[in-house]
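Comments concern the structure below.
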2 protein chains.
Amino acid sequence: MRRDSEFDPQDFLPYLLNQAAETLSLEFQRHYRGQYGMLRTEWRVLFHLGCYGEMTAKDICVRARLHKTKVSRAVAALQAKRLLTRRELERDRRHAVLQLTALGQRVFADLSRAAHAFDSKVRAAMTPDEAEILHRCLIRIAGFETAPRAG
Amino acid sequence: MRRDSEFDPQDFLPYLLNQAAETLSLEFQRHYRGQYGMLRTEWRVLFHLGCYGEMTAKDICVRARLHKTKVSRAVAALQAKRLLTRRELERDRRHAVLQLTALGQRVFADLSRAAHAFDSKVRAAMTPDEAEILHRCLIRIAGFETAPRAG
DNA sequence: AAATATTGGTTGTAAATGTAACTAACAAGC
DNA sequence: GCTTGTTAGTTACATTTACAACCAATATTT
């Protein structure tokens, strides 16, 4: 298994990023999957609804950068689990506003706590400076607006 | 679409990492997918074989952290594309050493160049310090050994 | 108002992935 | 030797995802 190239997979950002992302995702998965039988997309939809409050499926698509079919199926699954409800708008019956049920909010609160704890644990492995720079770089790479919370 | 929570998805590392990883992966995909009709796992297998030289499927599993079924199928696909060959070992016919064909090496060289260019482009959006810290953090998160090139 | 386009969302189907069960080759215990 | 266990790799099947076609409601054009 000799060394042929000067370029190492670990130096290739898409690869390294994927490995890091996969590592964390797999680890956190057990919270929403193990505890609540949720899929990643379902957790994301719940997460967004919990963080930003009620919105339409389209809003979630844009915010979470998910394809509408994925959102559609995740919403159906969350609805079947009684974690959210859909309320059609009279002024435009194409739209349906989604909101978490009381149960959904409890699940979100629980997972949100777990997420926070998990995040802290990961950050504990770096200095505050490193954490800040990492965050900044990832935001930039992901192409998120610099100040999305202002919108 | 009001704000319900102090915790933002963009502050949750697994989520942010995934978004960043997805962004880069989707962008780079067009090189191996568009040009050569390869899947991500195929590109990874090719990448590892090109970088480290010939090895068995099992080696790739360990190095690239891929499940053996994924590797098995990727190898079959690359073989069908005439990018690699398998050579059984006489001393242990369970093992088959995989190596790139001349064509495979050319494809690897091309994609390797593209990867390098892509990587440089991404790094150009940060200072050298940021790039170094980002790399360090990702290596740590991914759980890679601190000095795997020594092995 | 009728025809056309657009938008929000769902459904159908093929491709891809994950998991488990399996085969074949070797190793170890008896 | 013959069972039992392990390892490398494949195959089969269920789940998940991607992509396209679709439907219904609204907007736009004429």
Side-chain angles (χ1 to χ4, degrees), chain A residues 1 18-19 21-23 25-27 29-30 32-34 36-45 48-49 54-81 84-99, chain B residues 1 18-19 21-23 25-27 29-30 32-34 36-45 48-49 54-81 84-99:
Chain A
M1 221 153 67
N18 258 294
Q19 291 287 359
E22 194 110 328
T23 301
S25 290
L26 283 178
E27 215 178 316
Q29 199 183 181
R30 80 187 177 80
Y32 56 80
R33 187 159 191 157
Y36 301 107
M38 281 166 63
L39 257 29
R40 189 139 96 198
T41 312
E42 295 169 42
W43 153 237
R44 282 201 191 175
V45 168
H48 275 78
L49 283 173
E54 59 179 44
M55 52 178 142
T56 70
K58 183 61 195 285
D59 293 330
I60 297 178
C61 291
V62 175
R63 280 232 179 229
R65 298 177 168 188
L66 291 167
H67 193 267
K68 56 184 182 173
T69 62
K70 264 177 126 173
V71 171
S72 175
R73 281 166 175 147
V75 165
L78 290 172
Q79 202 174 8
K81 294 188 177 82
L84 66 74
T85 55
R86 37 190 315 144
R87 176 169 44 84
E88 281 199 348
L89 287 186
E90 287 102 48
R91 36 170 263 187
D92 188 340
R93 281 203 309 284
R94 284 173 305 182
H95 293 77
V97 175
L98 307 169
Q99 57 184 341
Chain B
M1 218 153 70
N18 257 294
Q19 290 286 358
E22 193 109 330
T23 301
S25 291
L26 284 178
E27 214 178 317
Q29 198 181 183
R30 81 188 176 78
Y32 56 80
R33 186 160 190 156
Y36 300 108
M38 282 166 62
L39 257 29
R40 189 138 97 199
T41 312
E42 294 170 42
W43 153 236
R44 284 202 190 174
V45 168
H48 275 79
L49 283 172
E54 59 178 46
M55 51 179 143
T56 70
K58 182 62 195 285
D59 293 330
I60 297 177
C61 292
V62 175
R63 279 232 178 228
R65 299 177 168 188
L66 290 167
H67 194 266
K68 56 183 179 173
T69 62
K70 262 178 126 173
V71 171
S72 174
R73 292 196 254 245
V75 165
L78 290 172
Q79 202 174 7
K81 293 188 178 82
L84 65 76
T85 55
R86 35 190 318 144
R87 175 169 43 84
E88 281 199 349
L89 287 186
E90 286 102 47
R91 36 168 266 189
D92 189 341
R93 281 204 308 285
R94 286 173 304 181
H95 294 76
V97 174
L98 307 168
Q99 57 183 338

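Chain letters run A, B, ... following the sequence lines, proteins first, then strands; residues in each count from 1.
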(request) For K58(B), answer base if it contacts any base atom (sugar-phosphate contacts may also be present), sugar-phosphate if it contacts only those atoms, and nothing otherwise; contact means non-hydrogen atoms under 4.0 Å. (result) sugar-phosphate
(request) Among the candidates dT19(C), dT17(D), dG9(C), find the nucleotide nearest to the side-chain atoms of K68(A). (result) dG9(C)
(message) Distance check needed: dA27(C) C1' versus R91(B) CZ, whole Å only.
(response) 14 Å
(message) Whole angstroms only, please: what is the CE-C1' distance between M55(A) and dG9(C)?
(response) 16 Å
(request) Could you tell me whether the phosphate oxygens of dT10(C), OP1 or OP2, come under 4.0 Å of any side-chain nitrogen or oxygen in R86(A)? (result) yes
(request) Report the distance from atom CZ of R65(B) to atom P of dG18(C), rounded to the nearest whole Å. (result) 15 Å
(request) Assign each of L39(A) and T69(B) to its nearest nucleotide of DNA chain D by heavy atoms, then name whichever residue's nucleotide is nearer the 5' end. (result) T69(B)
(request) May I ask you to verify if any side-chain N or O of K70(B) is less than 4.0 angstrom from the OP1 or OP2 atom of dG18(C)? (result) yes
(request) To the nearest 0.5 angstrom, please state how far the CD atom of E90(A) sits from the CG atom of D92(A). (result) 11.0 Å
(request) Kindly say if S72(A) contacts the phosphate of dT10(C), meaning a side-chain N or O under 4.0 Å from OP1 or OP2. (result) yes
(request) Please report, rounded to the nearest Å, how far the P atom of dA18(D) is from the CZ atom of R40(A). (result) 11 Å
(message) What is the separation between atom CZ on R94(B) and atom C1' on dA25(C), rounded to the nearest whole Å?
(response) 5 Å
(message) For the CZ atom of R65(B) and the NZ atom of K70(B), what is their distance to the nearest 0.5 Å?
(response) 13.5 Å
(message) Looking at E22(A), I'd like to know if its CD atom is crowded, meaning that more than 12 non-hydrogen atoms belonging to other residues, nucleotides or ligands lie closer than 6.0 Å.
(response) no
(message) Contact between R73(A) and T41(A) at the side-chain level, heavy atoms closer than 4.5 Å - yes or no?
(response) no
(request) May I have the distance from R73(B) (atom CZ) to dG18(C) (atom P), rounded to whole angstrom? (result) 9 Å
(message) From CG of D92(B) over to P of dA28(C), roughly how many Å is that when rounded to an integer?
(response) 12 Å
(request) Mind checking the NZ-CG spacing from K58(A) to L98(A)? Nearest 0.5 Å is all I need. (result) 14.0 Å
(message) Return whichever of E90(A) or H95(B) has its heavy-atom-nearest nucleotide of DNA chain D closer to the 5' end.
(response) H95(B)
(request) Mind calculating the distance between NE2 (H67(A)) and C1' (dT16(D)) to the nearest angstrom? (result) 15 Å
(request) Determine the contact category for A96(B): base if any of its heavy atoms lies under 4.0 Å from a base atom, sugar-phosphate if only primed atoms, P, OP1 or OP2 are that close, otherwise nothing. (result) sugar-phosphate
